[in-house]
Amino acid sequence: MGDADTGLRGGLMPPHLILQHFLPADDAAQFLAYAIAHRDIFKPTKTGVAEKGAVREHIRNSVGTRKLGPFTEILSAALHKRLPELFAGAGIAPFLPDGLDLQCVAHGDGGFYKRHIGTQTVESVEQLRVLTGVYYLHRAPKAYTGGGLRLYAIGNPSGHLFTDIEAAHNTLVVFPAFAPHEVLPVHCPSNDDVDARYSVNCWFYRKRANPKSV
């Protein structure tokens, strides 16, 4: 951890929850195998909103897909089953989500995602992300270093207050979608698909009643 260990000087650490062994071990192993076998459908990830999104590798260097095959339903069911626990762990008042958006992402050697938030604040956005979850997968033994999730204190723009969370296999981390965070750089000597850092971004959202056009 960083300076967050010394107290809450100039910021407030966002509540978060870490759930190990989130899926049955066989499901997690098969999910990883599916992701590796389908790397040809992964495309460079974008930043920005909807049609205005663009690949900006100096901000986000990874590839991803929303085509998770049978694991869309498997992961969605597991998340919904424990939704009250996820809300409580992230410090979010329970609500009935309008939907769940899932994106599987792979970070190879040199991959990262600089500090950002999951909430999309542009007034034209129809889906307002409220709860963020990140589910992690990797081979054993892990063939990369780095790649941790860094959660930053809210109200501390200098970034001196943070906590680092290991991207451990079959682990889910949840936190408020407005919490600033980043993916620390990944070092993967082989840069092979089987050795990459895999994760699934899970966003529970509400629909905006009257999104404004831009």
Side-chain angles (χ1 to χ4, degrees), residues 1-20 44-50 52-64 86-93 101-123 125 127-138 142 144-169 171-189 196-205:
M1 295 188 182
D3 290 349
D5 288 335
T6 64
L8 301 178
R9 300 188 300 270
L12 178 67
M13 289 304 302
H16 61 280
L17 177 67
I18 302 171
L19 295 173
Q20 299 176 334
T45 50
K46 298 180 179 182
T47 60
V49 179
K52 295 183 179 295
V55 175
R56 301 178 177 91
E57 291 189 346
H58 63 291
I59 297 174
R60 187 183 191 188
N61 186 337
S62 59
V63 292
L86 305 187
F87 283 144
I92 293 174
D101 186 17
L102 300 176
Q103 179 190 39
C104 187
V105 177
H107 290 82
D109 189 49
F112 63 89
Y113 194 171
K114 292 186 176 180
R115 179 171 170 166
H116 62 285
I117 60 174
T119 301
Q120 297 174 316
T121 57
V122 178
E123 291 185 343
V125 170
Q127 300 174 355
L128 297 175
R129 295 171 179 170
V130 180
L131 175 67
T132 293
V134 189
Y135 174 67
Y136 297 104
L137 297 163
H138 62 72
K142 187 167 68 172
Y144 67 86
T145 57
L149 170 68
R150 177 165 290 180
L151 280 178
Y152 287 96
I154 298 166
N156 182 252
S158 68
H160 290 155
L161 294 178
F162 59 82
T163 187
D164 289 344
I165 301 170
E166 180 185 0
H169 177 71
T171 294
L172 176 76
V173 182
V174 295
F175 50 91
F178 58 77
H181 59 284
E182 74 172 294
V183 177
L184 298 175
V186 172
H187 306 286
C188 182
R197 172 196 188 272
Y198 289 89
S199 61
V200 184
N201 296 320
C202 314
W203 294 292
F204 282 99
Y205 63 82

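- Judged by distance alone, with hydrogens and angles left aside, the side-chain atoms of H116 form no donor-acceptor pair with the main-chain N or O of P180 at under 3.5 Å.
- Of the inter-residue distances, the one linking T132 atom OG1 with W203 atom CH2 reads 7.5 Å to the nearest 0.5 angstrom.
- I18 has its side chain within reach of T171: a pair of non-hydrogen atoms, C-beta onward, lies under 4.5 Å apart.
- Using a 4.5 Å cut-off on side-chain heavy atoms (C-beta onward), H16 and I165 make contact.
- At least one side-chain heavy atom of V173 sits under 4.5 Å from a side-chain heavy atom of L149.
- In this structure R56 satisfies the side chain to side chain donor-acceptor pair (under 3.5 Å) test together with T47, sequence neighbours excluded.
- Scanning all heavy atoms of the two residues, the minimum distance from G147 to A167 falls at O-CB, 3.7 Å.
- The shortest non-hydrogen separation linking F178 to I154 is CE1-CD1, 3.4 Å.
- Contact of the H138 side chain with the Y144 side chain is registered, since non-hydrogen atoms from C-beta on lie closer than 4.5 Å.
- Rounding to the nearest 0.5 angstrom, the gap separating the CZ atom in F112 from the CD atom in E57 is 8.0 Å.
- Between F87 and L131 there is a side-chain heavy-atom pair separated by less than 4.5 Å.
- Separation of atoms OH (Y135) and OG (S199) is listed at 11.5 Å; rounding is to 0.5 Å.
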key: Intermediate values then yes/no, side-chain contact (heavy atoms from CB on, under 4.5 Å), R129 and D101   = CA-CA 9 Å; R129 295 171 179 170; D101 186 17; 4.2 Å; yes

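- Each salt bridge (charged side-chain N to carboxylate O under 4.0 Å, His left out) pair with one or both residues in residues 177-186, not counting sequence neighbours, would appear here, but there are none.
- Residue pairs meeting the side chain to side chain donor-acceptor pair (under 3.5 Å) criterion with at least one partner in residues 103-112, sequence neighbours excluded, are R60-Q103, Q103-N201, H107-R197.
- For the pair L86/L19, a side-chain contact is recorded, criterion being any heavy-atom separation below 4.5 Å from C-beta on.
- Proximity of F162 to D164: side-chain heavy atoms (C-beta onward) are separated by under 4.5 Å at one or more points.
- A heavy-atom distance below 4.5 Å is not found between the side chains of L172 and V200.
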request  = Determine, stepwise, if the pair I92 / V130 fulfils side-chain contact (heavy atoms from CB on, under 4.5 Å).
outcome  = CA-CA 8 Å; I92 293 174; V130 180; 4.0 Å; yes

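- How far OH of Y198 is from OG of S62: 12.0 Å, rounded to the nearest 0.5 Å.
- Considering OH of Y113 and CG of N61, their distance stands at 12.0 Å, rounded to 0.5 Å.
- For the pair G11 and L161, the tightest heavy-atom approach, listed with the atom from each and the gap, is N-CD1, 4.0 Å.
- Scanning both residues, A90 and P176, for their nearest heavy atoms gives O-CG, 3.3 Å.
- In this structure, the separation between CG on L151 and CZ on F175 is 5.5 Å, given to the nearest 0.5 Å.
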inquiry  = Does K142 form a salt bridge (charged side-chain N to carboxylate O under 4.0 Å, His left out) with E166? I'd like the steps, not just the answer.
reply    = CA-CA 12 Å; K142 187 167 68 172; E166 180 185 0; 3.6 Å; yes

